Amino acid sequence: MPTYERRVTMLRAAGAIALCGAVLLGSSPALAAPPPKVQVKVIYAVKGGETKSVWLHCGPTGGDHPRAQAACRLLEKAKGQPGELNIKSAAACKKELKPHAAAVVGRWNGQVLKWGKVYANGCQMRAATGALFAL
């Protein structure tokens with residue numbers, strides 16, 4: 001094989017290798033992206049009324065929770081324990097009795113998370129849980 005043809009073949013091979021490397025390197029972050037550290041379903045139900053549920057992802061923040069960033073911050077401060085939320089609410093709730101069942105289920109940094117509580121009404125639930133149940 002003459003020298004010119006050998007050079008052209010080597011250049012084509014080098015170009016193909018470079019193109020494959022660029023494609024692989026360009027797509028690897030999307031393929032290697034780890035799942036969120038926190039994936040939980042936030043649910044509440046009103047006795048005799050509506051039920052709402054949303055996904056909350058943290059690390060990175062996402063899901064369809066309307067206040068995901070604030071909810072993730074609250075859970076992080078409570079170390080993934082919704083019962084340990086320390087909300088300082090100025091809400092003055094009435095003594096209305098309309099039970100709201102609140103639940104959080106899913107995974108918190110690789111650990112199973114299951115939590116639930118019934119509040120006397122929606123105001124008390126939101127006052128105790130802040131952005132987590134602001135659905």
Side-chain angles (χ1 to χ4, degrees):
M1 193 186 312
T3 309
Y4 174 75
E5 288 179 10
R6 193 176 294 162
R7 285 185 189 161
V8 170
T9 303
M10 289 176 62
L11 285 174
R12 285 183 185 159
I17 291 170
L19 181 60
C20 288
V23 169
L24 289 175
L25 289 175
S27 65
S28 65
L31 295 174
K37 292 179 181 178
V38 176
Q39 295 177 309
V40 295
K41 190 76 159 178
V42 178
I43 308 158
Y44 82 76
V46 181
K47 183 175 181 182
E50 69 180 340
T51 298
K52 284 190 175 184
S53 68
V54 294
W55 280 103
L56 175 63
H57 301 166
C58 306
T61 302
D64 57 354
H65 192 291
R67 297 190 56 205
Q69 192 170 24
C72 286
R73 277 194 303 259
L74 282 174
L75 273 180
E76 183 66 37
K77 286 181 184 177
K79 295 180 176 55
Q81 300 299 316
E84 301 297 319
L85 290 173
N86 190 14
I87 308 295
K88 304 228 186 294
S89 175
C93 297
K94 297 178 182 178
K95 293 187 178 186
E96 169 190 36
L97 184 58
K98 189 169 188 174
H100 279 57
V104 178
V105 294
R107 299 199 70 67
W108 171 266
N109 292 321
Q111 302 296 316
V112 173
L113 172 59
K114 293 180 185 178
W115 176 85
K117 184 171 180 174
V118 177
Y119 294 91
N121 57 51
C123 179
Q124 289 181 1
M125 178 186 74
R126 286 184 295 279
T129 61
L132 184 59
F133 282 94
L135 310 181

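Everything numeric here is computed off the predicted structure, so don't read it as measured data.
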Check whether Trp115 and Ile43 end up in the same hydrophobic cluster, where Ile, Leu, Val, Met, Phe, Trp and Tyr are linked by side-chain heavy atoms less than 4.5 Å apart.
-> no
Supply the atom-to-atom distance Asn121 CG to Lys95 NZ, rounded to the nearest 0.5 angstrom.
-> 11.5 Å
Show the numbers, then the answer: is there a side chain to side chain contact (heavy atoms under 4.5 Å, CB included) between Lys41 and Val104?
-> CA-CA 6 Å; Lys41 190 76 159 178; Val104 178; over 6 Å; no
Determine the minimum heavy-atom distance between Ala68 and Gly62, stating which atoms define it.
-> CB-O, 3.8 Å
Sub-4.5 Å side-chain heavy-atom contact between Leu74 and Ile87 = yes
Closest non-hydrogen contact found for Pro82 with Leu113 is CD-CD1, 4.0 Å
Residue set satisfying side chain to side chain contact (heavy atoms under 4.5 Å, CB included) with Ala120, at least two apart, ordered chain then number -> Leu97, Gln124
Closest non-hydrogen atom pair, Pro36 against Pro60 | CA-CD, 3.9 Å
Would you mind telling me which of Val38, Val42, Asp64 makes a side-chain contact (heavy atoms from CB on, under 4.5 Å) with Leu56?
-> Val42
Hey, what do you get for CD (Glu76) to CG (Asn109), rounding to the nearest 0.5 Å?
-> 7.0 Å
Starting at CH2 of Trp108, measure out to NZ of Lys37 and round the result to the nearest 0.5 Å.
-> 10.0 Å
Worked check of side chain to side chain contact (heavy atoms under 4.5 Å, CB included) between His65 and Trp55 = CA-CA 6 Å; His65 192 291; Trp55 280 103; over 6 Å; no
Would you name the heavy atoms of Thr129 and Met125 that are closest together and state the gap between them?
-> OG1-O, 2.7 Å
Do you know which two heavy atoms are closest between Leu85 and Ala128, and how far apart they sit?
-> CB-O, 4.0 Å
Might you confirm whether atom CD of Glu50 has over 12 heavy atoms from other residues, nucleotides or ligands at distances under 6.0 Å?
-> yes
So among Phe133, Tyr44, Tyr119, which one has a ring pair (Phe, Tyr, Trp, His ring centres under 6.0 Å) with His100?
-> Tyr44
